[in-house]
Amino acid sequence: MAAERIAVLGLGTMGHGIAQIFASTGHRVQAYDSAGPARDSLKDRIRANMDQKARLGLSPGLDPDAVLDRIEIVSELEPSVEGADFVLEAVREDLPTKKELFKKLEDLVSEETILASNTSTFPMTEMSRGLRHPQRTLVTHWFNPPHIIPLVEVVPGRDTSEKTVRRAMDLLDRNGKLAIRLHKEVPGFLVNRIQAAVFREIWDLVEQGVATPEQVDLAVSSSIGLRLAAAGPFEIADFAGLDITGHVFGHLLKEISSSRSLPPAVDRLVKEGRYGVKSGRGIYDYTPERIEERQSRRDRLFLELVELLHSPTKRPE
Ligand SMILES: NC(=O)c1ccc[n+]([C@@H]2O[C@H](COP(=O)([O-])OP(=O)(O)OC[C@H]3O[C@@H](n4cnc5c(N)ncnc54)[C@H](O)[C@@H]3O)[C@@H](O)[C@H]2O)c1
């Protein structure tokens with residue numbers, strides 16, 4: 001079967017790594033962003049990702065020039081999706097923007113073209129409302145950094161056809177991704193809901209003065225972070241014993257946060273312009289050197305862990 005032609009729309013944090021994955025496995029990729037700097041820097045960012053992998057000896061036989069040659073950068077929407085079999089949008093997380101984009105796309109591609117969204121939260125049923133052919137739309141939710149993290153959540157909308165789901169799952173599988181199809185469409189899907197529960201509790205602990213953010217980061221990455229990389233939470237509970245975990249959590253559920261609003265500190269930090277690495281200040285302060293050092297350490301560890309735990313021959317059953 002000939003490799004599908006892929007269009008990636010939005011070339012920021014997520015789109016550039018997604019384009020890299022498809023081009024690395026032999027697909028022709030048409031890459032579009034409405035912002036010039038995102039288009040102009042695309043190939044440099046992908047080359048840097050590939051260089052890092054090569055330095056670790058993890059991409060034998062992959063020629064960066066050949067991968068980059070398969071990516072065509074396009075400055076207008078219409079030609080960027082011409083002839084595409086699979087269009088994946090990774091534009092900013094704004095419902096009206098995404099709905100407008102899907103509406104435009106409908107007139108530009110064939111009925112057989114799959115239209116996928118990398119949204120973190122919006123259900124496809126909502127984004128495809130009013131489209132003539134919602135059966136070929138679905139969410140494929142990748143994780144940052146998308147060229148490294150294996151999981152893609154596949155979330156069909158109410159009108160998505162089985163054929164669309166099967167084709168998308170097959171494409172992701174052939175691109176080395178671990179595609180998990182959700183059985184029900186809920187906002188935030190699976191993993192972000194779990195992350196939200198953790199996020200609420202860590203902020204509550206810090207606000208209560210139980211620990212500092214540094215201590216929380218160290219404690220979590222040295223315990224449950226490590227454990228969860230090797231075994232899932234249900235299996236961990238089984239090994240601990242449901243009688244024991246039942247006692248522990250039964251007691252703790254009365255104690256932990258059940259807040260339904262954003263932790264006040266997050267609001268405060270954002271109002272102060274402390275957005276995180278993008279503004280050089282967030283929960284921690286950053287210099288450009290520190291950002292570079294932390295990010296390359298993070299990606300190196302991710303790559304090594306993925307190789308250890310998720311290379312195609314060692315995938316969890
Ligand atoms: N960053 C993450 O960790 C992460 C993880 C999973 C999913 N997502 C989702 O992926 C999507 C993209 O997120 P990101 O972090 O890459 O954002 P980003 O801000 O880094 O990149 C978005 C890009 O889209 C471009 N863009 C905006 N509107 C556009 C339009 N109408 N047409 C074409 N290009 C447009 C912007 O110029 C920008 O380059 C969002 O839906 C987000 O929720 C993000």
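Nothing fancy with the numbering, it's 1 onward along the sequence. Each ligand, and each atom within it, is numbered from 1 in the order the structure gives. Just so it is clear, the structure is predicted and the values come from calculations on it, not from any experiment.
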Which pairs would a plain distance check flag for residues 51-58, meaning a side-chain donor or acceptor within less than 3.5 Å of a matching protein atom at least two apart in sequence or in another chain?
| unit_1 | atom_1 | unit_2 | atom_2 | d |
| --- | --- | --- | --- | --- |
| Q52 | NE2 | S296 | O | 3.1 |

### Summary
Per the under 4.0 Å non-hydrogen criterion, ligand 1 touches G10, G12, T13, M14, Y32, D33, S34, A35, A38, A90, V91, R92, E93, T97, K98, N118, T119, S120, H141, W142, N144
### Task
Any pair with a residue in residues 100-143 that passes ring-ring contact (aromatic ring centres under 6.0 Å, His included), sequence neighbours left out, goes on the list, sorted by first then second residue, please.
F22-W142, H141-F143, H141-F189
### Message
Using side chain to side chain contact (heavy atoms under 4.5 Å, CB included), reason through S80 and E76 one step at a time and then give a plain yes or no.
### Response
CA-CA 6 Å; S80 77; E76 300 291 332; over 6 Å; no
#### Entry: Closest contact, heavy atoms only, S120 versus E93
N-OE2, 3.1 Å
Contacts under 3.5 angstrom, residues 258-268 side chains, donor-acceptor by atom type, not counting sequence neighbours:
| unit_1 | atom_1 | unit_2 | atom_2 | d |
| --- | --- | --- | --- | --- |
| S259 | OG | S261 | N | 3.1 |
| S259 | OG | S261 | O | 3.1 |

### Query
Strictly by modelled atom types, are D159 and Q135 linked by a side-chain donor-acceptor pair under 3.5 Å?
no
